[in-house]
**Student:** 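For reference, the structure I am asking about is given below.
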Amino acid sequence: MTVSDAMNRQLNEQIANELGSYYTYLAMSCELFDMGYKVLSKFFSRQAEEERGHAMKFLHYLQEVGSPVRLAALPAPKASFGSPLAIAQGALDQEQIVTRQIHELVALAEKDRDYPTQSFLTWFVDEQVEEVRSMRDLVQLIQRAGDQHLLFAEHRVAQMMAEAAEEDDD
Ligand code: FEO
């Protein structure tokens with residue numbers, strides 16, 4: 001059992017897309033570090049690691065079904081967003097783009113009657129709901145805090161990370 005040529009192309013593209021998210025979040029983490037927002041920086045470096053994990057899930061799936069992995073070149077991430085709010089908004093946009101990419105993969109799997117890939121993609125469909133919500137929460141938090149209270153907002157981000165780590169342990 002393997003996947004169609006079109007699905008192989010799209011799954012390989014998704015490896016690059018996820019690594020593109022990894023690279024973008026890494027750049028965001030570095031920019032936040034330079035701005036002095038160390039907790040937000042850590043939030044984005046963890047988010048980057050999650051994206052690398054997503055890329056590896058796609059890579060291992062292709063290997064599992066005996067379909068070739070073809071790694072593409074990655075474009076450089078945007079160098080500067082300019083503010084924590086612009087970074088959070090950029091991350092929300094990124095998650096919405098990835099959600100559409102995942103849904104396109106599901107649509108192709110349905111067209112191909114490729115049930116194993118449909119089953120594999122279920123985790124990503126659910127994960128995107130969670131990731132869009134998390135970035136939307138972050139945008140809202142930063143908007144509410146405003147520039148003057150951004151350092152206090154970092155305490156809430158630290159709490160969110162601790163809660164997420166506890167959920168992962170459950
Ligand atoms: Fe892998 Fe955040 O999408």
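Counting starts at 1 for both ligands and their atoms, following the listed order.
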**Student:** Applying side-chain hydrogen bond (donor to acceptor under 3.5 Å, both in side chains) as the test, list every pair that has at least one member in residues 73-86; sequence neighbours left out.
**Tutor:** E31-S80
**Student:** What pair of heavy atoms forms the shortest contact from S4 to D112, and how long is it?
**Tutor:** OG-OD2, 2.7 Å
**Student:** Can you list everything that forms a side chain to side chain donor-acceptor pair (under 3.5 Å) with R46? Sequence neighbours excluded, please.
**Tutor:**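 Not a single residue meets the side chain to side chain donor-acceptor pair (under 3.5 Å) criterion with R46.
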**Student:** Among residues at least two apart in sequence or on other chains, which ones pass ring pair (Phe, Tyr, Trp, His ring centres under 6.0 Å) with F43?
**Tutor:**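 Counting only residues at least two positions away or on another chain, F43 forms no ring pair (Phe, Tyr, Trp, His ring centres under 6.0 Å).
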**Student:** Are V125 and I15 connected into the same hydrophobic cluster when the rule is that any two of I, L, V, M, F, W, Y join if their side-chain heavy atoms are below 4.5 Å apart?
**Tutor:** yes
**Student:** Check for me: within less than 2.8 Å of atom 2 (Fe) of ligand 1, which protein N/O/S atoms show up?
**Tutor:** E51 OE2, E95 OE1, E95 OE2, E131 OE1
**Student:** Any Lys/Arg nitrogen of D137 or R133 sitting under 4.0 Å from an Asp/Glu carboxylate oxygen of the other?
**Tutor:**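 So D137 pairs with R133 through a salt bridge.
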